[in-house]
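Following: one structure in structure tokens, then a few remarks.
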Amino acid sequence: MKKLILVTLFLAAIACQKKDQTEKPAVVTDEHSYSKPELAVVKHLDLDIKVDFDTQTISGKASWLIDNISKGNEIIFDENTLNITKVTLGDEEKETKFELGKDTEFHGKPLHITIEPNTTKVNIYYNTTKDAIALQWLKPEQTADKKKPFLFSQGESVWSRTWIPCQDSPGIRFTYNAKVTVPKDLLAIMSAVNPQKKNDTGVYNFKQDKAIPSYLMAIAVGDIEFQSIDNRTGVYAEPSMLKKSAWEFAELGKMVVAAEKLYGPYRWGRYDVLVLPPSFPYGGMENPNLTFLTPGVIAGDRSLTSLLAHELGHSWSGNLVTNATWDDIWLNEGFTTYVEHRIGEAIFGQKEFEMQNVIIRKELVDNVAEYGNTNPDTRLKVSLTGRNPDEGISMIPYVKGYAFLRVIENAVGREKFDVFIKNYFDAHAFKSITTDDFIKYFNENLIKGDKALADKIKLEDWIFKPGIPSNITPVSSADFDAIDKIQKSWRETGVKGLSQKITTTTEKQHFIDHLPTDITPKEMEALDKEFNFTNGGNFIIKRQWFVQAIRHQYKAANPAIEQFLIGSSRTGSVMMLYKEMVKTPEGKVWANQIFNKAKSGYHATTIQDIKGTLK
């Protein structure tokens with residue numbers, strides 16, 4: 001009997017052990033990082049670096065506090081084009097061996113460092129090189145004020161490893177402190193708690209006590225000044241841009257309050273923005289505490305500040321709850337596009353919200369058509385194995401992700417969906433999750449076994465199948481309906497007075513996007529005289545108009561198109577024009593001529609994308 005009891009207890013223990021093993025969360029494999037966080041993972045970074053504009057390098061020491069989970073003899077970091085000079089262990093700086101593995105395109109090399117089972121600190125001495133894709137070094141003449149040099153970084157997706165040796169995966173989070181030494185006449189700011197004015201030493205100290213992934217590590221150095229908007233928001237910019245930027249973003253504080261009402265407290269302390277020189281490759285980058293923005297958003301009439309709502313939205317979806325791999329980027333961008341439009345509705349009203357829904361639907365339809373309806377890259381959950389993960393940063397995760405969340409909202413009701421999203425952010429705060437994690441949470445907290453509801457939403461179709469599912473929510477705008485009527489009649493009635501009827505940026509964008517396919521250069525000239533699209537207009541209006549000008553051979557706009565492409569490095573926007581130009585042999589020659597003039601001012605990632613288009 002005693003033996004039987006012992007056997008029973010033994011078998012029960014094994015069963016419990018197996019149960020514990022099965023209940024442990026699976027290790028997320030990130031195809032774009034060499035690190036093996038299940039064996040040894042970073043937890044905190046102390047960065048001590050010097051920024052040298054003469055050599056255009058950053059040099060110093062990255063001291064990582066680590067958790068040697070396996071008690072093994074190695075930790076692996078990611079590096080790309082760095083010069084690693086020495087590695088030591090612990091506060092006593094005991095020198096250790098390191099080895100660089102094979103170089104892989106887009107991914108750089110694995111940095112294998114020998115550690116001991118009880119190692120808790122690894123110090124990596126290094127300097128960057130001229131090939132660091134994350135770093136954009138600008139000469140004074142490339143800045144707004146043309147007086148002093150400028151540096152900024154862009155880490156997303158896998159480029160932080162070109163300026164800091166790190167475990168460069170969005171699934172790995174860490175806190176950081178930094179000491180940054182720069183020329184005394186310049187200011188350094190980071191994705192952290194920031195100084196608001198220059199000091200006499202050129203030495204600045206930073207602290208980010210919220211755990212972030214490596215792609216959100218960011219730095220900018222230049223002749224930068226600060227102006228507050230309210231007690232927790234403000235603007236950094238070059239002196240000549242500061243006042244106009246602060247005026248443009250006067251409603252920034254209201255946006256933060258609107259977002260908090262929807263999705264809970266803003267958890268990052270301050271929310272400031274930095275207006276960068278034109279070579280910044282995106283509209284904005286959601287670096288924690290300090291959004292980096294293109295100067296193209298400064299329209300002079302606050303008409304493009306909805307971009308801020310997107311970057312602010314990332315403070316919840318992206319920075320607070322992060323995609324664990326780049327295959328899951330829709331979790332960042334789809335949710336943020338939804339949050340952006342909800343903030344926009346609260347700030348700009350229902351009519352603007354409805355118009356934006358129509359515009360974003362057109363973007364979805366156009367992007368899916370460009371890829372092809374069966375292209376696997378039109379799925380929300382994509383596969384980027386063996387590819388540059390930047391390829392995942394298309395418009396599909398933004399606009400299809402937004403459309404999917406609108407379907408859920410429509411199925412369960414806005415009030416219920418708002419509670420779900422707020423709880424989702426709370427449940428995964430400061431965590432990185434996969435699409436499977438989202439689906440599990442979604443089924444447990446929203447579907448709850450309701451098959452009819454699940455069938456109505458069609459989650460599998462949206463996430464795992466290409467194209468646009470049949471249950472997409474209809475969109476409409478009475479304001480756009482009125483413009484569509486004008487569109488059908490202006491050829492007969494003439495263009496005089498149209499600019500008094502079509503006034504806002506959104507209305508003009510819709511009008512331009514739906515010009516007749518057989519419009520003539522003469523008709524475009526008449527519209528241009530009425531609206532001054534070519535030489536007036538804000539960034540978005542110019543971009544949309546120039547697409548039509550290229551498509552319909554309105555050559556009067558050619559000098560302005562060239563100026564636009566040389567003066568901006570906003571990748572998605574300039575790519576729209578280059579893609580249109582290369583559709584004709586003549587246009588392809590012109591595109592190459594402009595690119596050769598413009599590329600010195602483009603960011604490395606912009607050059608990378610354009611070269612692929614111009615082949």
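Treat the numbers as computed from the prediction; the structure is a model and nothing was measured.
- When side chains are defined from C-beta on, Asn73 counts as touching Pro117, because their heavy atoms get closer than 4.5 Å.
- Here the closest non-hydrogen pair linking Ala309 and Ile343 is O-CD1, 3.8 Å.
- Within 6.0 Å of atom CD in Glu415, 12 or fewer heavy atoms from other residues, nucleotides or ligands are found, so the atom counts as exposed in its surroundings.
- At least one side-chain heavy atom of Tyr125 sits under 4.5 Å from a side-chain heavy atom of Glu93.
- Using a 4.0 Å cut-off between charged side-chain N and carboxylate O, Asp426 and Arg267 make a salt bridge.
- Side chains of Leu293 and Leu308 form a contact here, defined as non-hydrogen atoms less than 4.5 Å apart.
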Table please: side-chain donor-acceptor pairs of residues 150-164 below 3.5 Å, with sequence neighbours left out.
unit_1, atom_1, unit_2, atom_2, d
Ser153, OG, Ile219, N, 2.9
Ser153, OG, Ile219, O, 3.4
Ser157, OG, Asp390, OD1, 2.6
Trp159, NE1, Asp390, OD2, 3.0
Ser160, OG, Ser214, O, 2.8
Arg161, NE, Val158, O, 3.3
Arg161, NE, Asp168, OD2, 2.9
Arg161, NH1, His32, O, 3.2
Arg161, NH1, His107, O, 2.9
Arg161, NH2, His32, O, 2.6
Arg161, NH2, Asp168, O, 3.0
Thr162, OG1, Ala134, N, 3.1
Thr162, OG1, Trp159, O, 2.6

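- A 4.5 Å side-chain heavy-atom check between Asp48 and Ser63 finds every atom pair outside the cut-off.
- Taking the six-membered ring for Trp, Phe438 and Phe335 have ring centres closer than 6.0 Å.
- Note that CD of Gln608 is 4.5 Å distant from CG of Asn388, once rounded to the nearest 0.5 Å.
- Between Trp330 and Tyr338, the ring centre distance reaches or exceeds 6.0 Å.
- The shortest heavy-atom contact between Ile75 and Ala40 is CG1-CB, 3.8 Å.
- Nearest heavy atom pair, residue Glu116 against residue Asn68, reads O-ND2, 3.1 Å.
- For the atom pair Asp30 CG and Gln167 CD, the distance stands at 11.0 Å (nearest 0.5 Å).
- Considering only heavy atoms from C-beta on, Val41 comes within 4.5 Å of Lys43 through its side chain.
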* Asked: Yes or no on salt bridge (Lys or Arg N to Asp or Glu O under 4.0 Å) for Asp418 and Lys261, after CA distance, side-chain angles and deciding distance?
  -> CA-CA 10 Å; Asp418 280 350; Lys261 285 181 180 177; over 6 Å; no
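- Side-chain contact between Phe206 and Pro195: present, with at least one pair of heavy atoms (C-beta onward) separated by less than 4.5 Å.
- Evaluation of the salt bridge (Lys or Arg N to Asp or Glu O under 4.0 Å) rule for Glu260 yields Arg232 as partners, not counting sequence neighbours.
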* **Candidate pair His341 and Ile360, rule side chain to side chain contact (heavy atoms under 4.5 Å, CB included), full reasoning** => CA-CA 10 Å; His341 285 271; Ile360 204 168; 3.6 Å; yes
* Ile463 and Ile439: side chain to side chain contact (heavy atoms under 4.5 Å, CB included), yes or no, with the steps? -> CA-CA 10 Å; Ile463 293 179; Ile439 292 171; 4.1 Å; yes
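- When side chains are defined from C-beta on, Leu331 does not count as touching Asp437, because their heavy atoms never get closer than 4.5 Å.
- The two residues Arg387 and Asp377 make their nearest non-hydrogen contact at NH2-OD2, 2.7 Å.
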* Asked: salt bridge (Lys or Arg N to Asp or Glu O under 4.0 Å) between Lys451 and Asp455: does it pass, once the steps are laid out?
  -> CA-CA 6 Å; Lys451 187 177 184 303; Asp455 290 344; 2.8 Å; yes
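- Listed by first and then second residue, the side-chain hydrogen bond (donor to acceptor under 3.5 Å, both in side chains) pairs that reach into residues 311-322 are Arg173-Thr322, His310-His314, His314-Glu333, His314-Thr336, Ser317-Thr336, sequence neighbours excluded.
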* Tyr126/Ile49 under side chain to side chain contact (heavy atoms under 4.5 Å, CB included): CA gap, chis, key distance, verdict -> CA-CA 9 Å; Tyr126 74 101; Ile49 55 174; 3.7 Å; yes
* Derivation and outcome, side chain to side chain contact (heavy atoms under 4.5 Å, CB included), residues Phe442 and Ile408 -> CA-CA 10 Å; Phe442 174 81; Ile408 301 173; 3.7 Å; yes
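- The distance between the ring centers of Phe417 and Tyr424 does not fall below 6.0 angstrom.
- Inter-residue side-chain proximity for Leu405 and Trp462 is flagged as unmet; no heavy-atom pair is nearer than 4.5 Å.
- Atom CD1 of Ile76 is separated from atom CZ of Phe98 by 15.0 Å, given to the nearest 0.5 angstrom.
- Atom NZ of Lys121 has more than 12 neighbouring heavy atoms from other residues, nucleotides or ligands inside a 6.0 Å radius.
- If you check the side chains of Asp328 and Thr435, you find a donor sitting under 3.5 Å from an acceptor.
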